[in-house]
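A short write-up of the structure that comes next.
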Amino acid sequence: AYKGDPTLTTFSAMSGPPSGLFPCFALFSGVTAEPAPRVYSAITATGGLHASICDMDMSDMLVALSVLSSGMQTTFQLSYEPSDPFAVVVTVDGVVVPYSATNGFTFNPANRVITFHGTWIPGPNAVIEANYPLIAVCPN
């Protein structure tokens with residue numbers, strides 16, 4: 001019955017693969033998990049986190065969940081669409097952040113979202129800048 005601010009709501013899950021035709025297989029338990037594209041869509045639409053239920057080590061997911069639940073923001077949406085998604089340069093407090101899914105940032109061009117990972121998750125009051133080329137628009 002409670003409906004809070006939807007921009008502050010995320011959905012995270014440990015599920016089967018985000019897409020594909022084949023399930024994953026967990027060697028440690030013998031469990032298989034079918035692909036879960038709709039679950040993954042909900043995760044990406046809300047800025048949540050995903051881990052494969054078949055992974056043997058869940059420590060990265062648990063650390064990421066602790067950051068997310070603490071209220072620290074790890075994702076930021078760009079205002080405009082870059083003309084070249086590979087030319088996005090991100091700085092935190094004037095320091096260039098490396099492109100890395102484990103310790104840096106990643107960029108999802110489908111929803112124009114930058115996600116910080118590892119020690120590069122910005123702290124309170126950090127100054128975050130993203131520089132990128134824009135698609136040229138001619139005035140009418």
Side-chain angles (χ1 to χ4, degrees):
Y2 175 74
K3 294 181 181 180
D5 181 353
T7 64
L8 300 176
T9 302
T10 63
F11 176 75
S12 298
M14 292 180 188
S15 70
S19 64
L21 301 174
F22 303 104
C24 66
F25 182 72
L27 294 175
F28 63 93
S29 67
V31 172
T32 60
E34 295 295 323
R38 292 190 308 185
V39 169
Y40 192 71
S41 292
I43 291 167
T44 56
T46 63
L49 302 170
H50 178 264
S52 172
I53 197 70
C54 296
D55 288 345
M56 290 186 64
D57 183 7
M58 297 291 180
S59 60
D60 289 342
M61 176 64 162
L62 295 175
V63 169
L65 276 172
S66 68
V67 170
L68 186 63
S69 65
S70 72
M72 292 178 71
Q73 189 171 351
T74 60
T75 61
F76 298 85
Q77 187 166 25
L78 299 180
S79 300
Y80 304 99
E81 183 177 351
S83 61
D84 180 0
F86 298 104
V88 176
V89 176
V90 177
T91 61
V92 173
D93 294 328
V95 179
V96 175
V97 179
Y99 191 90
S100 170
T102 55
N103 194 27
F105 84 96
T106 53
F107 174 63
N108 183 342
N111 55 8
R112 298 189 330 255
V113 170
I114 291 172
T115 303
F116 289 94
H117 308 278
T119 60
W120 285 99
I121 295 171
N125 301 318
V127 176
I128 301 158
E129 293 183 2
N131 294 296
Y132 49 94
L134 295 176
I135 296 173
V137 178
C138 296
N140 291 334

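Just so we're clear, the structure is a prediction, and the values are computed from it rather than from any experiment. Numbers here are sequence positions counted from 1.
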Taking only residues two or more places apart in sequence or in another chain, which ones pass side-chain hydrogen bond (donor to acceptor under 3.5 Å, both in side chains) with Asn125? none
Spacing of Met61 atom CE and His50 atom NE2 [to the nearest 0.5 Å]: 7.5 Å
Is it the case that more than 12 heavy atoms not belonging to Tyr80 sit under 6.0 Å from its OH atom? no
In Å, rounded to the nearest 0.5 Å, how long is the span from OG1 of Thr91 to CG of Asn131? 6.5 Å
Does Val127 offer a backbone N or O that forms a donor-acceptor pair with the side chain of Asp93 under 3.5 Å? yes
Is there side-chain contact between Trp120 and Pro98, with heavy atoms separated by less than 4.5 Å? yes
In terms of heavy-atom contacts, Pro17 and Glu34 come closest through CD-O, 3.8 Å
Residues two or more places apart in sequence or in another chain: which of them pass ring-ring contact (aromatic ring centres under 6.0 Å, His included) with Tyr99? Phe105
Please answer: with hydrophobic residues joined when any side-chain heavy atoms are less than 4.5 Å apart, are Phe107 and Ile43 in the same cluster? no
Set of residues satisfying side-chain hydrogen bond (donor to acceptor under 3.5 Å, both in side chains) with respect to Thr119, sequence neighbours excluded: Asn103
Would you say the side-chain atoms of Thr46 pair up with the backbone N or O of Phe11, donor to acceptor, closer than 3.5 Å? yes
By side chain to side chain contact (heavy atoms under 4.5 Å, CB included), Ser41 pairs with (sequence neighbours left out) none
All ring-ring contact (aromatic ring centres under 6.0 Å, His included) counterparts of His117, not counting sequence neighbours: none
Minimum heavy-atom separation for Pro109 and Pro85, please, with both atom names. CB-CB, 4.2 Å
Among all residues two or more places apart in sequence or in another chain, which pass the side-chain hydrogen bond (donor to acceptor under 3.5 Å, both in side chains) test with Ser52? none
Which atoms form the tightest heavy-atom contact between Ile53 and Met58, and what is the distance? O-CE, 3.7 Å
Could I get the full list of side chain to side chain contact (heavy atoms under 4.5 Å, CB included) partners for Pro133, not counting sequence neighbours? Ser83, Asp84, Ala87
Kindly indicate whether the side chain of Val88, heavy atoms from C-beta on, has any atom under 4.5 Å from the side chain of Ile114. yes
With no hydrogens and no angle check, is any side-chain donor or acceptor of Ser12 less than 3.5 Å from a backbone partner on Leu49? yes
Examine Ile128 and Val96 and state if one hydrophobic cluster contains both, with Ile, Leu, Val, Met, Phe, Trp and Tyr joined whenever side-chain heavy atoms are less than 4.5 Å apart. no
With sequence neighbours excluded, what pairs up with Ala45 under the side chain to side chain contact (heavy atoms under 4.5 Å, CB included) test? none
For Phe22, which fellow cluster members are found when Ile, Leu, Val, Met, Phe, Trp and Tyr are connected by side-chain heavy-atom distances below 4.5 angstrom, either directly or through intermediates? Leu21
Indicate the atoms forming the closest heavy-atom contact of Ser15 with Val39, along with that distance. OG-CG1, 4.0 Å
Is Leu78 reachable from Ile121 through a run of I, L, V, M, F, W or Y residues, each pair having side-chain heavy atoms under 4.5 Å apart? yes
Residue set satisfying ring-ring contact (aromatic ring centres under 6.0 Å, His included) with Tyr132, at least two apart, ordered chain then number -> none
Would the distance check show the side chain of Gln77 and the main-chain N or O of Asn111 forming a donor-acceptor pair, the cut-off being under 3.5 Å? yes
Pairs touching residues 19-75 that satisfy disulfide bond (SG atoms under 2.5 Å apart), sequence neighbours left out: Cys24-Cys54
Any residue meeting ring-ring contact (aromatic ring centres under 6.0 Å, His included) with Phe76, in chain and number order, not counting sequence neighbours: Phe116
